[in-house]
Amino acid sequence: MSLDYTNSIPLHVQLKQKIEQNVYNGRYADKIPSERELMDEYYVNRSTVRQSIQQLVLEGVLVKKPGKGTFIAVSTINDWLGSLSSTSENMEKMGMTPGAKLITSQEIELFGRLKKVTKLEKAHHFKRIRFANDIHMGIERHYYPVALGKKLAQFNLDQETFYELLERELKVKTFQAEQEIRAGVSTASDSGLLHIPEGSSIMIAERKITDKNDGFVEFERAFYRADMYSFKIKLSRNSK
């Protein structure tokens, strides 16, 4: 497997991206191949391999263990419970570059649980793939009141975050949220979008947001790769 020698992107950057992709898609489970193995697989010299690995070590993706090799040390995206923040904000706090790709934007009729939770007959539904450093890490489905959703649909949702648009452009402020988190497994269609095997472990996060007057703003159902996303909470105990 060779890199693209005609590309303006330096070879060590291309190789870094390849190694990083193999880390996140599960090809490298615990440690990466040796320098010689990477040289033979990608037809590059030792200097290129070492530059790529060193950059990934600096970014916290890999860790070197003298005499043993280079191992995976991936930092997950931490979402602190109790703080209402967007996926993009959480990624940026971890030093990652957030990205998104809109794949659905349409008005739909609601049934069952969605109808009960939102108290809406119809909603504007958005579905986006979320990326962290160009790695597919989650699928987010958002449901808004139709009028609000139509306004959001006018913006470039591959580049904008919903929370910032609501606050900055639509003047919807002072959020409150109820969130539920549980474990699950990926479906065939979602696995294809996330580039993971069908049946892989995922984190399911559902969030209902209301405004200061308790008016419904948004319901989100998100599926995140379990190896790339974690939730944290600070606890305290008052000793007697």
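Quick caveat: nothing in here was measured; it's all calculated off a predicted structure.
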Polar side chain donor-acceptor pair, Y224 to E140, under 3.5 angstrom = yes
Following the transitive rule for hydrophobic clusters with a side-chain heavy-atom cut-off under 4.5 Å over Ile, Leu, Val, Met, Phe, Trp and Tyr, establish whether V49 and Y28 coincide in one cluster.
-> yes
Does a donor on one side chain and an acceptor on the other come within less than 3.5 Å for N45 and S47?
-> no
Between Y143 and H125, is the gap from one ring center to the other below 6.0 Å?
-> yes
Looking only at heavy atoms, the pair that brings A177 and I209 closest together is CB-CG1, 4.1 Å
Are E107 and K150 side-chain neighbours, meaning at least one heavy-atom pair lies under 4.5 Å?
-> yes
Reported CG-to-CD distance for the pair N22 and E20, which is rounded to 0.5 angstrom = 10.5 Å
State yes or no: are the ring centers of Y144 and F162 separated by less than 6.0 Å?
-> yes
Output, in order, the C-alpha distance, side-chain angles, deciding distance and verdict of side-chain contact (heavy atoms from CB on, under 4.5 Å) for Q14 and N7.
-> CA-CA 9 Å; Q14 292 186 49; N7 198 311; 3.7 Å; yes
Does F219 have K208 sitting over its ring (NZ/CZ under 6.0 Å from centre, angle to axis within 45°)?
-> no
Would a hydrophobic clustering, with Ile, Leu, Val, Met, Phe, Trp and Tyr connected at side-chain separations under 4.5 Å, put I19 with Y43?
-> yes
Keeping the roles fixed (side chain from T48, backbone from V44), state whether a donor-acceptor pair exists under 3.5 Å.
-> no
Given the rule that I, L, V, M, F, W and Y join up when any side-chain heavy atoms are under 4.5 Å apart, are V217 and F155 in one cluster?
-> yes
Check the surroundings of atom CD in E121: do more than 12 heavy atoms from other residues, nucleotides or ligands lie under 6.0 Å from it?
-> no
Under 3.5 Å, which donor-acceptor pairs do the side chains of residues 31-39 form with other protein atoms, sequence neighbours left out?
unit_1, atom_1, unit_2, atom_2, d
K31, NZ, K68, O, 2.8
S34, OG, E37, N, 3.2
S34, OG, E37, OE1, 3.3
E35, OE1, R46, NH1, 2.8
E35, OE1, R50, NE, 3.1
E35, OE1, R50, NH2, 3.4
E35, OE2, R50, NE, 3.1
E37, OE1, S34, N, 2.8

Hydrophobic cluster identity match, L120 and I108, side-chain contacts under 4.5 Å | yes
List the atom of R221, the atom of L114, and the distance in Å for their closest heavy-atom pair.
-> NH2-CD2, 4.4 Å
Reported CD-to-NE2 distance for the pair Q54 and H12, which is rounded to 0.5 angstrom | 11.5 Å
To the nearest 0.5 Å, atom CG of L56 lies from atom NZ of K16 at 5.0 Å
Would you say I9 and L15 are hydrophobically clustered, going by side-chain heavy atoms of ILVMFWY under 4.5 Å?
-> no
Please report the shortest heavy-atom distance between Y42 and L3, naming the atom on each side.
-> CD2-CD2, 3.6 Å
So do K122 and L110 actually touch side chain to side chain, heavy atoms under 4.5 Å?
-> no
When rounded to the nearest 0.5 Å, the distance separating CD1 of I129 from NE2 of H136 is 5.0 Å
Can you establish whether the number of heavy atoms outside K127 located under 6.0 Å from its atom NZ is more than 12?
-> yes
side-chain contact (heavy atoms from CB on, under 4.5 Å), paired with E206, selected from Q179, R141, R182 = R182
When rounded to the nearest 0.5 Å, the distance separating CZ of F223 from OG of S191 is 11.0 Å
Any idea which heavy atoms bring H124 and G149 closest together, and the distance?
-> CB-CA, 3.6 Å
L148 and L166: CA distance, side-chain angles, deciding distance, side-chain contact (heavy atoms from CB on, under 4.5 Å) verdict = CA-CA 9 Å; L148 188 57; L166 289 168; 4.0 Å; yes
How far apart are the closest heavy atoms of L152 and L170, and which atoms are they?
-> CD2-CD1, 3.7 Å
Are the side chain of R207 and the backbone N or O of E178 linked by a donor-acceptor pair below 3.5 Å?
-> no
Does the R128 side chain pair with the main chain of I139, one donor and one acceptor, at a distance under 3.5 Å?
-> no
Heavy-atom donor-acceptor pair, T210 side chain to G215 backbone, under 3.5 Å | no
Please confirm whether the backbone N or O of G199 pairs with a side-chain atom of S186, one donor and one acceptor, at under 3.5 Å?
-> yes
For the pair K18 and R27, evaluate side-chain contact (heavy atoms from CB on, under 4.5 Å) and give the outcome as yes or no after the intermediate values.
-> CA-CA 11 Å; K18 291 285 187 182; R27 183 182 174 196; over 6 Å; no
Would you check, one step at a time, whether the test side-chain contact (heavy atoms from CB on, under 4.5 Å) holds for I53 with K64?
-> CA-CA 9 Å; I53 291 175; K64 285 186 174 182; 3.7 Å; yes
Measure the CZ-CE distance between R130 and M137 for me, rounded to the nearest 0.5 Å.
-> 7.5 Å
Search all heavy atoms of A100 against all heavy atoms of F131 and return the closest pair with its distance.
-> N-CD1, 3.7 Å
Residues E218 and H142: side-chain donor-acceptor under 3.5 angstrom = yes
With distance as the sole test, does D158 use its side chain to make a donor-acceptor pair with the main-chain N or O of L102 at under 3.5 Å?
-> yes
E167 side chain to V172 main-chain N or O, any donor-acceptor pair under 3.5 Å?
-> no
